[in-house]
Amino acid sequence: MGFRSDFLWGGATAANQYEGGWNEGGRGPANTDVMTKGSKDQARGATYTLPDGSRHLTKGVAVKDLPEGARFEVLDGYEYPCHDAVDFYHHYKEDIALFAELGFKTYRMSISWPRIFPTGMEKEPNEEGLKFYDNVFDELLKYGIEPMVTLHHFEVPLELTNQWGSWADRRTIDCFIRFCRTVFERYKNKVKYWMTFNEINNIYFGFLSSGVPGDDLQTVMQAAHPQFVASAMAVKIGHEINPDFKIGCMLAASRCTVYPETCNPADVQKAWEQASRQYFFADVQCRGYYPSYQLKYFERNGIHIQKESGDDEILKEGTVDYIAISYYRSMITAAPKQEGSDPLLLGVINPYLEATEWGIAIDPMGFRITLHNLYDRYQLPVMIVENGIGAADEVAEDGQIHDPYRVDFFRSHIQAMKDAVDIDGVDVMGYTTWAPIDIVSAGTGEMRKRYGFVYVDKDDEGNGSLKRSKKDSFAWYQKVIASNGENLE
Ligand code: BG6
């Protein structure tokens, strides 16, 4: 009973939200570097210019109706929170020492693609960028922490977006594969665990997640196809380079955790359908083909996916070794009110659950249900690579950060994961919290929405010393790891 003896406890971050050093060490700009700061009430935007020299900001991160000749650029007078983020680039030794103190067995991070290929199109990689990650991996290995690397976490070289619309054009596959081959070769003796696309089903937020300038269903679904092909190619190439590599896909599983608002079969059908729109992404990567229900959905909605000959074989040959997921919340839906609505369902309140200040429903039972469903569906080991609570932590008068709500959140979710293992028999490989240290929020660009066990002194205006301090939850998670999840007190 309990978790495996080699259970991978740790924490997870993404380069664009953590690293900073956006224009240092030969790095090129990414889609995430033109994204401005938002808040829970105001969406982030992306800045661009037009051929007449005018300057613009998109409304939201799913870019719509972009005018002809638009070029995404960093412009004076805007705030771009990812540029400096919380500067892991210069603090990695200090931060990794804190991760070691927490007792991490693994640390999930992403490699910034434009740090290795600044425009995405170079034939040769940027040695300074490669060296940076060598240093990071060496530092982790020094403490016996296993690096776990996401190859594509929302970050695409901006030039690929400006030239080709990023993943909307399949030429991006070759650029991505050159990047994958480079890092697989370089780090083959340092990194064993990889995953291809972070939250691939979040391609519905085209620009934020993938640099795709468009959000209509045809554009988004077409852009997913080159990602599927690239992911499968990466799995195959990775295994050729090192047969010991474990390469997974990564699904935003909150979006599969959809409850019907009532037991009306029409609501139940709607919930099932909404979840299917999300499971589809893992189905392709775990099973190696487009499922029949999704082909029918495409047909009904006039979506045509352009494939090339050989793509179907590539998908079959490149199925993943494990399924990684993020889980933050559950959602609810109902047939009559939701007809033709946003497939992401944000904003519908579940009266049985508490929610965070950002309206995220807290649902540990939903976590267990989802783990069970995923394992049952794919019979692949499940790695939880994101789970956590964003909260507006404050430094108290005693100078400490007291975050009992974070401990409560993790206690209930780790217990639910344990139930999934002990009661439901799910094969869970490990668990990395989002995020062990405060970083920039992907959705809002805020610092105020903090997830860490480690507090970083930086506010939404960019002020602060970047000093790191331990919150109360730090010692709690340390105990959890030390007891392999037995001590949740
Ligand atoms: C996931 C992403 O969607 O959720 C992370 O993989 C992100 O990059 C996390 O940070 C939490 O979302 P947010 O918007 O609170 O940062």
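What you are looking at is a predicted structure, and each value in this text was computed from that prediction instead of being measured. When a ligand or atom number is given, it counts from 1 through the structure's own listing order.
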**OP:** Step through it carefully: locate the ring centre of Phe474, locate the ring centre of Phe453, and say whether they are under 6.0 Å apart.
**Re:** no
Subject >> For Lys449, the ligand 1 atoms whose distance to one of its heavy atoms is below 4.0 Å >> reply: 13 (P), 14 (O), 15 (O)
**OP:** Determine whether the aromatic ring centres of Trp434 and Tyr328 lie less than 6.0 Å apart.
**Re:** no
Subject >> contact_flag Trp358 ligand 1 heavy-atom lt 4.0 Å >> reply: no
Subject >> Glu386, His152, Glu155 screened by side-chain contact (heavy atoms from CB on, under 4.5 Å) with Asn198, the one that passes >> reply: Glu386
Subject >> Protein heavy atom at shortest distance from atom 2 (C) of ligand 1 >> reply: Glu386 OE1, 3.3 Å
**OP:** Return the residue, atom name and 0.1 Å-rounded distance of the protein heavy atom closest to atom 11 (C) of ligand 1.
**Re:** Tyr451 OH, 3.5 Å
Original post:
Of the protein's non-hydrogen atoms, which lies at the shortest distance from atom 9 (C) of ligand 1, and what is that distance?
Top reply: Tyr328 OH, 3.3 Å
Original post:
Does a donor on one side chain and an acceptor on the other come within less than 3.5 Å for Asn201 and Tyr279?
Top reply: no
Original post:
Within a strict 4.5 Å, meaning less than it, do heavy atoms of the Tyr431 and Phe3 side chains meet?
Top reply: no
**OP:** Distance to 0.1 Å, residue and atom name: give those for the protein heavy atom nearest to atom 14 (O) of ligand 1.
**Re:** Gly443 N, 2.7 Å
**OP:** Answer side chain, backbone, both or neither: which part of Val440 comes under 4.0 Å from ligand 1, heavy atoms only.
**Re:** neither
Original post:
For the ring pair Trp194 and Tyr187, is the centre-to-centre distance below 6.0 Å?
Top reply: no
Original post:
Which residue holds the protein heavy atom closest to atom 13 (P) of ligand 1, what is that atom called, and what is the gap in Å?
Top reply: Ser441 OG, 3.5 Å
Original post:
Taking C-beta and beyond as the side chain, do Thr47 and Val74 meet within less than 4.5 Å on heavy atoms?
Top reply: no
Original post:
Any N or O on Gln17 sitting closer than 3.5 Å to an N or O of ligand 1?
Top reply: yes
**OP:** Would you kindly specify which portion of Ala442 sits under 4.0 Å from ligand 1, judged on non-hydrogen atoms: side chain, backbone, both or neither?
**Re:** both
**OP:** Kindly state whether the ring of Tyr89 and the ring of Tyr18 have centres lying under 6.0 angstrom apart.
**Re:** no
Subject >> atom 3 (O) of ligand 1: the protein heavy-atom neighbour that sits closest, reported with distance to 0.1 Å >> reply: Glu199 OE1, 2.5 Å
